[in-house]
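Notes to accompany the following structure.
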Protein chains: 2
Amino acid sequence: MNETDGQTTDRDDARTASPATAQNSGTGTLGKALSVLETVVTSDTPLRFSDILVLSGQPRGTLHRQLSHLVEEGLLVQGRDLCYEPGLRLLKFAYRSWSKNQFRAVAAPHLRKLHEETGETVHLGVLRGTEIIYVDKVESRQTVRMESQIGNASPVYCTGLGKAALSVLPPGRLAETLGKLTFHRFTANTHLSAASLKRDLDEARLRGYAFDREEHETEIRCVAAPIHDAGFDLVAGISVTGPAYRVTMEQLEIWANPVRQAAMAISEDVEIRLGPGR
Amino acid sequence: MNETDGQTTDRDDARTASPATAQNSGTGTLGKALSVLETVVTSDTPLRFSDILVLSGQPRGTLHRQLSHLVEEGLLVQGRDLCYEPGLRLLKFAYRSWSKNQFRAVAAPHLRKLHEETGETVHLGVLRGTEIIYVDKVESRQTVRMESQIGNASPVYCTGLGKAALSVLPPGRLAETLGKLTFHRFTANTHLSAASLKRDLDEARLRGYAFDREEHETEIRCVAAPIHDAGFDLVAGISVTGPAYRVTMEQLEIWANPVRQAAMAISEDVEIRLGPGR
DNA sequence: AATGTCGTTCCATTATGTGGAACTCGCTCT
DNA sequence: AGAGCGAGTTCCACATAATGGAACGACATT
């Protein structure tokens, strides 16, 4: 019944590989602590101390103190089986973070409109590094739970939102982002190389919208259009998603226009309401 | 070394920090950084550098570096108006944190059942310090958005969930928690003293359930029952909430039983599925 | 009992964060 | 204009707070 969970294999993190010259983040102590936190939080399985030990590559004593601090702060909790789990303080932070998100608020009415036009699920996602973070959604059927994808992070290269966002990046930033990608096969259609992805992006750029042809999940298709501000500080996308049996590629072509219009309307509102520049 | 979260009932904490280096001491650098993050994230208004300066009580140079680090880490972003806002990384963390929450998963079917029985909104919240963190909900009408309260933090003393949770605390912990409270009047019915709250809690303890008689928001009532594990490491509550015009106190009395049953069922499931102890 | 694994604690070393003061920018007031 | 002010940013001697190797204790396995 409920489930969610999804996938999102983003196993980056944990720069274990290079103990020597590990190239520590620029943010010193905080960065290291967050890196540990992220390892725990994004793991698909519960982690014990020594699991984290190998993933993080830190010395025992150091890691132990970092974890203790994270627990003291309520960002992690340790169950009686000694496994570390995400703590409630994270939820609290996120609620505030989400409810105050200006971009989401500005875009919300457009999402609803697009949903009314198409009848399928509409997503809003923001580009962050090599990931798309889902920021809002309007669901078709009010299924079970709200536990929508909000906050979920999916790779750029296999989602409509991701490809739409990438397609408008200035060449420099695009190259930089592509360079950081590591590909993972989710379905038979997943892009597995930068070259293949780049061709797809070129088409998307010309058309003004991108598809997901069951590249992330089988039986799931979507069409997405890019949103960005003048300075490309904000790069995002809006999409309509549906099951393949109900949503043909022809249907997606038809929806492409409304999706683009919604995207453009949001882009405009962003410039107006969040101020030029930003 | 207890220290958990310490204060912060939202609202003004600004100047409580005056007594020289008030509350830190727990987790060193990380704690301070998170304290800054929390100030920004929980603020009701956008904050500029110097706002945070007075709120945090840190020296200029220090605060500036802390903020820079938080921005570098993606926990905050700085708009062109120089205001700091919560960053997307928080959302990502929270999604994982929420979707992996065992307690929520165990309780979910009971929430749905209770919703079917009552037809009104059902909430699940966990006690954390002096706050109740909303962890899940099932809404009556699928209004607009999912933006439910999930992750929202409300004071214990004016919510049904909060009072239900407090009512089962062992005397020691209850006293400790009451001692940390600072009361703020939300409505005409809000408890404004520990004494008054304590009387209410005594009644709730006897009955086995607690009410919110428009104590947090006018025109909103609820009935809530406590959930906890053997060691009181997990203290939570489940509630049914509705608008006063539709939900009379008599109605709440009637729902009290189903609510209690749901709470007890969850308590049992927790012991079984999450293991004794914890 | 002996051995191995895992989590926790200790402590000398030094890398890191600290915070007062000086600097820069943009704005308002006269 | 120019002085004056307030907001944000940078700098650097100093000491706090993180580091990580090594020892310790608790179980489990043989």
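Chain letters run A, B, ... following the sequence lines, proteins first and then strands; every chain starts at 1.
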Protein-nucleotide distance ([X], atom [atom1]; [N], atom [atom2]), rounded to Å:
{"X": "B:L55", "N": "D:dA7", "atom1": "CG", "atom2": "C1'", "value": "16 Å"}
{"X": "B:D81", "N": "D:dA7", "atom1": "CG", "atom2": "P", "value": "16 Å"}
{"X": "B:L67", "N": "C:dT18", "atom1": "CG", "atom2": "C1'", "value": "15 Å"}
{"X": "A:Q78", "N": "C:dT8", "atom1": "CD", "atom2": "C1'", "value": "11 Å"}

- Query: Is B:R89 salt-bridged to B:E73, cutoff N-O under 4.0 Å?
  - Reply: yes

- Query: Would a 4.5 Å heavy-atom cut-off, applied to side chains only, mark B:Y84 and B:V71 as touching?
  - Reply: yes

- Message: Does any part of the side chain of B:K100, heavy atoms only, come nearer than 4.5 Å to the side chain of A:P86, both counted from C-beta?
- Response: yes

- Message: Base, sugar-phosphate or nothing for B:L53? Non-hydrogen atoms, less than 4.0 Å.
- Response: nothing

- Message: Classify B:L63 by what it touches in the nucleic acid, base, sugar-phosphate, or nothing, heavy-atom distance under 4.0 Å.
- Response: nothing

- Note on the structure: Counting primed atoms, P, OP1 and OP2 as sugar-phosphate and everything else as base, the B/S/- map of nucleotides 10-30 of chain D against protein heavy atoms under 4.0 Å is B------SSBBB---------

- Message: Is there a side-chain contact between A:S50 and the phosphate of C:dT5, meaning an N or O under 4.0 Å from OP1 or OP2?
- Response: no

- Message: B:R48: which residues meet the salt bridge (Lys or Arg N to Asp or Glu O under 4.0 Å) condition with it, sequence neighbours left out?
- Response: B:D51

- Considering residues at least two apart in sequence or located in another chain, which fulfil the side chain to side chain donor-acceptor pair (under 3.5 Å) criterion with A:H110? A:D269

- Message: Is the ring pair A:F186/A:H184 parallel, tilted or perpendicular, if the boundaries are 30 and 60 degrees?
- Response: perpendicular

